[in-house]
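Each remark here refers to the structure printed beneath this line.
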Amino acid sequence: MYAIEAFDLHKSFENVKAVNGVSLRVRKGEIYGLLGPNGAGKTTTIRMLTGLLKPDRGYAIIMGHDVVKEPIKVKKLIGVVPEEANPYPDLSAWDNLILVGRLYGIPNYEIRERASNLLKLLDLYNMKDRKAKNLSKGQRQKLLIAMALIGNPKVLFLDEPTSGLDVLSARKIRELILEMKNEGITVFLTTHNIEEAGELCDRVAIIRNGRIVAEGAPSELKIKAGAYTYVTIMFNKPLENCKLDFIKPYEYKVQSSKLLVICSRPAEVVVKIIEYAKKNGLDILDIKVSPPSFEEVFVRLATGEV
Amino acid sequence: MKDEYVHMFKAVWAICWKDIKLYYAKGPIVVTGIIFPIFLWMAFYAGKGLELKEGLASLITLTLLFTASSVTPIIAPWETRQRTLEMLLSRPVTVRWVLVGDVLASTIFGMVFVTPIIALGAILNITPANPFLTIVAITFTAVGLSSLGVMFSAIPTDTPADVVLLSSLVKLPLMFVSGILVPITQLPSWILPIALLSPITYPADFVRMQYLGSSFLPPYLSLIFTVLFALVFMILALELHEKSIFKRLEKR
């Protein structure tokens, strides 16, 4: 059984299609990332998956329950950190957690125990009596995550969980997400941080204009995007007068004694260049092969280059 | 099934607890709940030499009007603006449970302010003819007025002032046409049809009957209409919010 299944989700706002036929499946226990540029439909998708918006067409199933037909059952199984939602600013961190725990119908003694554990886990216990409005952005985000975890969810939805956070807070949250995965929780996240998605997610989907244009493990997407590798070779003398047409159809640039080749088959190119160097009495001082970054993959897929 | 009801009651109570802590247990709200009805009441009754029991009956309805419907109109737009409503609705609760929690908190708030007035009357040996039915009527009036406030807030806006304006435009005229300050019998005859449409007329008349022994309408009729208005407002509030909630969330 899949933890999350979406079938042909559609949503329009005032005749503008925000989501245009999104279908996806997330396996239990995996971290699944939804990536896309601003306005691509990430938040609308997550809101439909969590029952905050009704799809115009299509449906979503969470742990075997229909999101629209069985909203309470679904919401009992999930924890959500909405992108722009806030804890109650005039309630303390502790009271915010108690409130949410009560909404899950958890007995009071259990809520207090879980709240204490979560606040300790997230380094917030010392400020449990501080009003949420007096917490820093990172602390508020951690509090929202604690509020999402207090119901012991099976599936965790995180909409831009590290957006706007400092490096340390973002790292702490990434560590926490990995801990959740280790505990068997399925994590569905949207993020702008491409490298973060590549680092955290078992699988990612790229959404563009309300449609999923690519899906797979980050490494698979690199192949799918046909992302090019950069090969940089340093020679012992300038290459201005050398005939390098054999490198084509790959793109290349010469900067004095440095040759940069952008190619999809680096090994083949390197062999050809070594042969050329031997024939023409050139010494190779250094060869550097840079694999494509996930950011490059994302840009190519999200902008429709592929 | 039993577990679902237990969960529902716990969630409704949690919302009520949140509202009391966030909105009602605040100095300015409490002071407004005391000052507005008392000063309005004094403005109408000072120097007129009316019987204390008549004043007491008016003060009870006036206090309910100013307390039970004071905060409910602003909760939904305020929480939409603060982005806490989305956080709340992504938990295992329905919009209806949230609203019932809001109504419950507001009803408790109204009752808390009316109780000392009734107690003061009892100390001065001014008691209602039927204390039980009086409490029933007051409770349903508080529920009705709280629901009326919730109903106004169904407009999918995140600007509380929009709803407060609408609420005041309806509430203030109701105060004058419903026989709270001036008995219906003393109002101009052309107001009577309007008075009969007002949901406040019936509890005001019922409470007047309980304290003064005379009323414009038969007391059972007033009680029935008080209960009916409360139920109708509650149902309308829930239905309107159910229809507008996704529009409200879409706006975020």
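Convention: sequence-line order gives letters A, B, ...; per-chain numbering from 1. Values in this document were obtained by computation on a predicted structure and should not be read as measured data. Keep in mind that the numbers below use all heavy atoms, side chains included, and drop hydrogens, waters and symmetry copies.
The structure places CZ of B/Phe246 at 10.5 Å from CZ of A/Arg47, a figure rounded to the nearest 0.5 Å. Rounded to the nearest 0.5 Å, atoms NZ (B/Lys10) and CG (A/Asn108) are 7.0 Å apart. Note that CD1 of A/Ile98 is 7.0 Å distant from CH2 of B/Trp17, once rounded to the nearest 0.5 Å. With values rounded to the nearest 0.5 angstrom, B/Leu85 atom CG is found 12.0 Å from A/Asn86 atom CG.
Of the listed residues (B/Leu88, B/Thr94, B/Val6), the one with the most heavy-atom contacts under 4.5 Å to chain A is B/Leu88. Contact count against chain B (heavy-atom pairs under 4.5 Å) is highest for A/Val100 among A/Leu144, A/Ile106, A/Ile78, A/Val100. Each of A/Ala148, A/Gly105, A/Pro87 has some count of heavy-atom pairs under 4.5 Å with chain B, and the biggest count is that of A/Gly105. Per-residue heavy-atom pair counts under 4.5 Å with chain B were compared for A/Val81, A/Val74, A/Asp90, A/Leu53, and the maximum is reached by A/Leu53. Per-residue counts of heavy-atom pairs under 4.5 Å with chain B were compared for A/Lys76, A/Lys75, A/Arg102; the largest is that of A/Lys75. When A/Thr50, A/Thr44, A/Leu91 are compared by the number of non-hydrogen pairs under 4.5 Å with chain B, A/Leu91 comes out ahead.
Taking a 6.0 Å sphere around CG of A/Asn209, one finds it holds 12 or fewer heavy atoms contributed by other residues, nucleotides or ligands. In the displayed structure, B/Phe152 atom CZ is contacted under 6.0 Å by more than 12 heavy atoms of other residues, nucleotides or ligands. Crowding of A/Lys154 atom NZ: a count of heavy atoms from other residues, nucleotides or ligands under 6.0 Å not exceeding 12. In this structure, A/Lys128 places its NZ atom where more than 12 heavy-atom neighbours from other residues, nucleotides or ligands lie under 6.0 Å away. The local environment of NZ in B/Lys243 is sparse, with at most 12 non-hydrogen atoms from other residues, nucleotides or ligands closer than 6.0 Å. Within 6.0 Å of atom CH2 in B/Trp78, 12 or fewer heavy atoms from other residues, nucleotides or ligands are found, so the atom counts as exposed in its surroundings.
The ring-ring contact (aromatic ring centres under 6.0 Å, His included) contacts involving residues 115-151 of chain A comprise nothing, where partners must be two or more places apart or lie in separate chains.
Within the 4.5 Å cutoff, the side chain of A/Ile72 has heavy atoms near those of the B/His7 side chain. Counting heavy atoms from C-beta on, the side chains of B/Lys21 and A/Tyr88 never come closer than 4.5 Å. Put simply, the side chain of B/Thr84 reaches to within 4.5 Å of the side chain of A/Pro89, judged on heavy atoms.
With a 4.5 Å cut-off on non-hydrogen atoms, B/Leu89 touches chain A through its backbone and its side chain both. The contact between A/Lys11 and chain B is made entirely by side chain atoms (from C-beta outward), counting heavy-atom distances below 4.5 Å. Proximity to chain A is absent for every atom of B/Glu4, based on heavy atoms less than 4.5 angstrom apart. If you measure heavy-atom distances from A/Leu77 to chain B, you find no contacts under 4.5 Å at all. Contact annotation for B/Trp13: neither backbone nor side-chain heavy atoms come within less than 4.5 Å of a heavy atom of chain A. For A/Phe13, the part lying under 4.5 angstrom from a heavy atom of chain B is the side chain only.
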